[in-house]
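Every number for a ligand or one of its atoms is a count from 1 in the order of the listing. All heavy atoms count here, side chains included; hydrogens, waters and symmetry mates do not. All of these numbers come straight from a predicted model, not from anything done at the bench.
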Amino acid sequence: MDFSLTMEQEILRTSVRQFAEKEIKPVARDLDEKEEFSYETMGKMGELGLFGMFVSEKYNGQGMDYVSYAIATEEIARVDGSHAATVAAGNSLGIGPVYYFGSEEQKQNYLPKLCSGETLWGFGLTEPNAGSDAANTQTTAVLEGDEWVINGSKIFITNASTDITAGVTALCRTGTRDDGRPELSCILIDSGTPGLETREMHGKLMWRASNTSELYFDDCRVPRENLLGPRGHGFYQMMQTLDGGRLSIGAMGLGGAQGCFDLALKYSREREQFGQPISNFQVNAFKLADMSLEIECARLLLYKACWLRDNDKPFSKEAAMAKLHCSEVMYRCANHSVQLHGGYGLMKEYDVERFYRDQKLLEIGEGTSEVQRIVIAKLIGAL
Ligand SMILES: Cc1cc2nc3c(=O)[nH]c(=O)nc-3n(C[C@H](O)[C@H](O)[C@H](O)COP(=O)(O)OP(=O)(O)OC[C@H]3O[C@@H](n4cnc5c(N)ncnc54)[C@H](O)[C@@H]3O)c2cc1C
């Protein structure tokens, strides 16, 4: 077995880490406080090549593998969850469906600017009454002549209402199957289409500098050709997209856990009580040892899941495991890290306070931890 990264992957890690330290770390706390999406750092992330990471160069992508994509996401998350969310959702949820299921014309039309980071795209699955039960989509799309007429709403959609959002992929009911169940299809809807209203959501606990939106469709008309792939394949496309997306959420958990550990180790060595660094007390050194162990295990699991995907092997189970485990490792690392910071860890001027809040979304977004356990239980034959 060879656990070493390629030279390209090592170089990528170094360059993204340097970028995150120099460009994101100094502004992350302030953007979080103001709940502000930064077009400046977004532009810089695009220039660095953080979008279209797994997309072929033919469409202006970076043509990298999933291990590389995970490393880049991990390094951004090590410094800030909001920016990592913009990257992870931009790649997996925004670009993914168009790249994997789009027609040649749709790819040529949308991917070049999405891959340069000039535009973003939303993934419209969740609805007010269809969260974990995503197949219960209520949004409808009715074919009238050569147009789909869309009515309904979506909620919590990342990257869907920025000034550079070019559109959204929306899961819609397009009919009824022979077995009586709803026929679900994905439709691409450009920003600015009459009948589409986007509302940015504020007041989040976490990812406060990431864009989250509600979408409303009121007789929103798009051309018939905006159907993504075959009619009736929408739910499958969304679930396939989430399999890949879970790897990036896993990378966010891993990177966030590493960030919490790095902050905790530095602080524990510097902070003195009873005349010595608090890391000298065995109870604290053991916390740091546990964090380090958990991060190492999480990294092995995530990279293995990415490797399976890169090698065209089944990876759904490992992706769900990596997403679940990495987000729970970050939960424990954030908790330990705040504990090691004492009262200061509860203050906004200490970055660990933001990590502690940002962690929670990882156990909820792209399938809650309970849903991941259901997925794993089914894949191991227990359910
Ligand atoms: C900041 C943010 C960004 C997001 N970005 C996107 C996005 O870009 N696109 C998108 O489509 N969605 C997005 N989401 C939505 C996210 O994926 C959903 O919030 C998530 O899937 C859970 O759905 P829900 O919130 O409706 O919770 P519910 O489904 O109502 O779940 C509530 C609780 O019940 C539990 N539960 C539900 N069903 C079961 C069951 N069968 N067995 C056991 N427990 C169960 C859940 O685990 C959870 O603990 C985002 C959410 C947030 C907060």
Side-chain angles (χ1 to χ4, degrees), residues 32 35 37 73 77 80-98 114 120-139 152-162 165-172 184 186-189 191 198-217 228 234-235 237-246 248-250 252-253 256 320 323-324 327-328 331 354 357-378 382-383:
D32 172 83
E35 272 196 286
F37 177 91
T73 309
D80 183 49
S82 290
H83 283 83
T86 303
V87 169
N91 281 284
S92 295
L93 305 185
I95 291 172
V98 180
L114 289 171
L120 284 166
W121 196 268
F123 174 83
L125 175 63
T126 306
E127 297 187 359
N129 290 317
S132 301
D133 186 10
N136 187 35
T137 296
Q138 301 297 312
T139 297
S153 66
K154 300 284 173 184
I155 193 165
F156 298 136
I157 311 305
T158 305
N159 291 339
S161 63
T162 70
T165 300
V168 62
T169 305
L171 185 69
C172 306
L184 300 173
C186 283
I187 298 183
L188 306 178
I189 305 167
S191 295
T198 60
R199 283 187 211 156
E200 188 172 352
M201 299 175 80
H202 290 289
K204 285 182 296 188
L205 171 77
M206 34 38 65
W207 289 11
R208 287 166 56 85
S210 143
N211 174 267
T212 312
S213 319
E214 289 175 280
L215 308 177
Y216 296 91
F217 309 106
L228 185 73
F235 192 66
Q237 293 167 343
M238 288 272 167
M239 294 304 110
Q240 288 288 107
T241 302
L242 288 180
D243 267 356
R246 281 171 189 151
S248 62
I249 296 278
M252 290 184 66
K323 193 266 184 190
L324 173 62
S327 55
E328 292 189 348
Y331 163 72
R354 192 175 75 255
R357 287 185 284 109
D358 279 345
Q359 179 281 326
K360 191 61 204 169
L361 189 276
L362 304 181
E363 293 178 285
I364 291 177
E366 297 198 32
T368 63
S369 293
E370 291 75 17
V371 167
Q372 302 312 314
R373 287 190 164 86
I374 293 171
V375 170
I376 296 164
K378 281 185 178 163
L383 266 182

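Residues forming a side-chain contact (heavy atoms from CB on, under 4.5 Å) with Ser161 (at least two apart in sequence, or on another chain): Thr198, Glu200, Asn211, Ser213. Asn136 meets the side-chain hydrogen bond (donor to acceptor under 3.5 Å, both in side chains) test with Gln138; sequence neighbours excluded.
Here Ile374 has side-chain heavy atoms under 4.0 Å from ligand 1, and that is the only part of it that gets that close.
Residue contact annotation: Met206 has a non-hydrogen atom under 4.0 Å from ligand 1. For the pair Ile364 and ligand 1, a heavy-atom separation below 4.0 Å is found. Using a 4.0 Å heavy-atom cutoff, Asp133 is absent from the residues neighbouring ligand 1.
Atoms of ligand 1 found under 4.0 Å from any heavy atom of Ile157 (numbered from 1 in listed order, with element): 7 (C), 8 (O), 9 (N), 10 (C), 11 (O). Less than 4.0 angstrom separates some heavy atom of Leu361 from each of these atoms of ligand 1: 1 (C), 2 (C), 52 (C), 53 (C).
For atom 49 (O) of ligand 1, the candidate residues are Lys360, Glu370, Arg208; the nearest heavy-atom contact is made by Glu370. Among Ala85, Ala134, Ser369, Ser132, the residue whose heavy atom sits closest to atom 38 (N) of ligand 1 is Ser132. Evaluated by nearest non-hydrogen atom to atom 15 (C) of ligand 1, the leading choice among Asn136, Leu242, Thr126 is Thr126.
Considering backbone and side-chain N/O of Thr158, one or more are found under 3.5 Å from N/O of ligand 1. When only interatomic distances are considered, the shortest N/O to N/O separation between Phe156 and ligand 1 falls below 3.5 Å.
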